[in-house]
Amino acid sequence: MPRTGGPSAPAILVGLHGYDDHPSRLERVLASLPGATGIPRLVPSGPVRTPGGYGWFGPDPDGPTDASPPLSCTLDRLEAQVVDACAAAQVDPAGAVVVGYSQGAATALALALRRGARWRPAAVGAVAAWLPHDPSVEWALADAAGHTEVLLVHGEQDEVVPVVQGRSARRALERHGLEVTWVEHAGGHDLEAPPAVEALDRWLGRLRAGR
């Protein structure tokens with residue numbers, strides 16, 4: 001029988017890299033976190049090929065390009081990957097924790113908070129996130145209230161995803177009843193900035209401890 005994950009014992013840690021990046025960088029960060037020790041990990045590549053790596057949808061933060069698959073297709077594919085990985089690890093996908101950076105953070109929020117999701121992760125940790133606008137995705141924020149908690153980490157000097165977009169996402173989630181931990185630091189658009197890494201590690205440690 002699969003064992004059930006939960007806030008005190010994340011079943012699996014799913015990592016979603018940023019745009020024009022490789023999963024290896026996020027994998028390296030997750031592997032360095034004491035709070036992630038011993039948790040099975042899935043860090044896939046996005047379906048969009050870019051000059052320097054991969055992405056989850058088009059390069060414009062406001063929506064996908066015509067050459068990219070609809071965001072809903074990316075989310076369907078991710079759902080299937082997570083379900084398969086959980087079956088292989090004999091864990092419950094409802095106990096999954098998803099951590100994303102930049103475009104991967106926006107994708108993580110969409111994965112957890114869209115209408116019609118096959119499952120919703122127990123928690124989402126999003127570094128430099130925004131709520132993406134895509135006609136293929138209908139939001140259902142209230143549906144995730146009481147089930148999925150969210151960490152939002154954003155740099156005040158973020159030159160790629162302005163901090164106002166992260167603050168806007170926070171307000172929208174809290175308005176619909178989601179539990180949000182907001183961490184704003186003095187840095188920029190940097191996954192490996194010490195404040196971002198420390199915030200992720202503290203948050204994962206709290207989830208494991210059931211606090």
Side-chain angles (χ1 to χ4, degrees), residues 10-27 29-30 40-89 91 93-141 143-144 147-148 150-154 160-161 165-166 168-169 172-173 178 189 191:
I12 192 169
L13 190 57
V14 181
L16 305 182
H17 60 79
Y19 180 77
D20 200 33
D21 202 353
H22 288 268
S24 57
R25 187 160 74 106
L26 182 54
E27 169 66 36
V29 170
L30 294 178
R41 288 194 297 275
L42 170 68
V43 188
S45 296
V48 178
R49 291 302 302 264
T50 67
Y54 302 90
W56 301 101
F57 52 91
D60 184 352
D62 292 327
T65 64
D66 292 340
S68 301
L71 180 53
S72 62
C73 291
T74 292
L75 300 178
D76 289 344
R77 172 178 167 172
L78 273 172
E79 282 188 347
Q81 287 179 293
V82 174
V83 169
D84 288 347
C86 287
V91 297
V97 172
V98 183
V99 173
Y101 167 60
S102 191
Q103 194 187 76
T107 302
L109 291 176
L111 184 68
L113 306 177
R114 68 166 173 161
R115 191 173 304 283
R118 291 169 56 192
W119 59 271
R120 299 188 192 281
V124 172
V127 180
W130 72 95
L131 294 177
H133 303 289
D134 185 291
S136 71
V137 174
E138 183 181 356
W139 293 96
L141 303 182
D143 291 356
H147 179 85
T148 301
V150 177
L151 167 71
L152 296 176
V153 182
H154 221 112
V160 177
V161 182
Q165 294 192 43
S168 176
L173 270 56
L178 277 91
H189 193 75
L191 169 65

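Under the 3.5 Å distance criterion, the side-chain polar atoms of Thr148 are left unmatched by any main-chain donor or acceptor of Ala122.
Between Leu13 and Leu42, the closest side-chain pair of non-hydrogen atoms is not below 4.5 Å. Using a 4.5 Å cut-off on side-chain heavy atoms (C-beta onward), Leu191 and His17 make no contact. Using a 4.5 Å heavy-atom cutoff, the side chains of Val99 and Val14 are not in contact. The side-chain heavy atoms of Gln103 and Trp130, taken from C-beta on, include a pair separated by under 4.5 Å. Side-chain contact between Pro132 and Phe57: present, with at least one pair of heavy atoms (C-beta onward) separated by less than 4.5 Å. Looking at Trp56 and Val48, their side chains never come closer than 4.5 Å, going by heavy atoms from C-beta outward.
Here the shortest heavy-atom pairing between Gly55 and Thr50 reads N-CG2, 3.8 Å. Heavy-atom minimum distance, Trp119 versus Pro93: CE3-O, 3.7 Å. The two residues Leu131 and Ala169 make their nearest non-hydrogen contact at CG-CB, 3.9 Å. Of all non-hydrogen atoms in Ala129 and Val161, the two that sit nearest each other are O-CG1, 3.9 Å. For the pair Leu71 and Ala110, the tightest heavy-atom approach, listed with the atom from each and the gap, is CD2-CB, 4.2 Å. Summarising the geometry of Val127 relative to Ala105, their closest heavy-atom pair is O-CB, 3.5 Å, with the distance given to 0.1 Å.
The structure places SG of Cys86 at 4.5 Å from CD1 of Ile12, a figure rounded to the nearest 0.5 Å. Separation of atoms CG (Asp84) and CD (Gln81) is listed at 8.0 Å; rounding is to 0.5 Å. For the atom pair Leu113 CG and Glu138 CD, the distance stands at 13.0 Å (nearest 0.5 Å). Taking OG of Ser102 as the start and CG of Leu16 as the end, the distance is 11.5 Å to the nearest 0.5 Å. Between the CG atom in Leu109 and the CH2 atom in Trp139 there is a gap of 6.0 Å [rounded to 0.5 Å]. Separating the CZ atom in Arg118 from the CG atom in Leu111 is a distance of 11.0 Å, to the nearest 0.5 Å.
Each salt bridge (charged side-chain N to carboxylate O under 4.0 Å, His left out) pair with one or both residues in residues 94-104, not counting sequence neighbours, would appear here, but there are none. Annotation: salt bridge (charged side-chain N to carboxylate O under 4.0 Å, His left out) contacts involving residues 93-106, sequence neighbours excluded, are absent.
Ring geometry, Tyr101 versus His189: the interplanar angle falls from 30° to 60°, so the pair is classed tilted.
Salt bridge status for Glu79 with Arg120: absent, with no side-chain N to carboxylate O gap under 4.0 Å. Under a 4.0 Å N-O distance rule, the pair Arg114/Asp134 does not qualify as a salt bridge.
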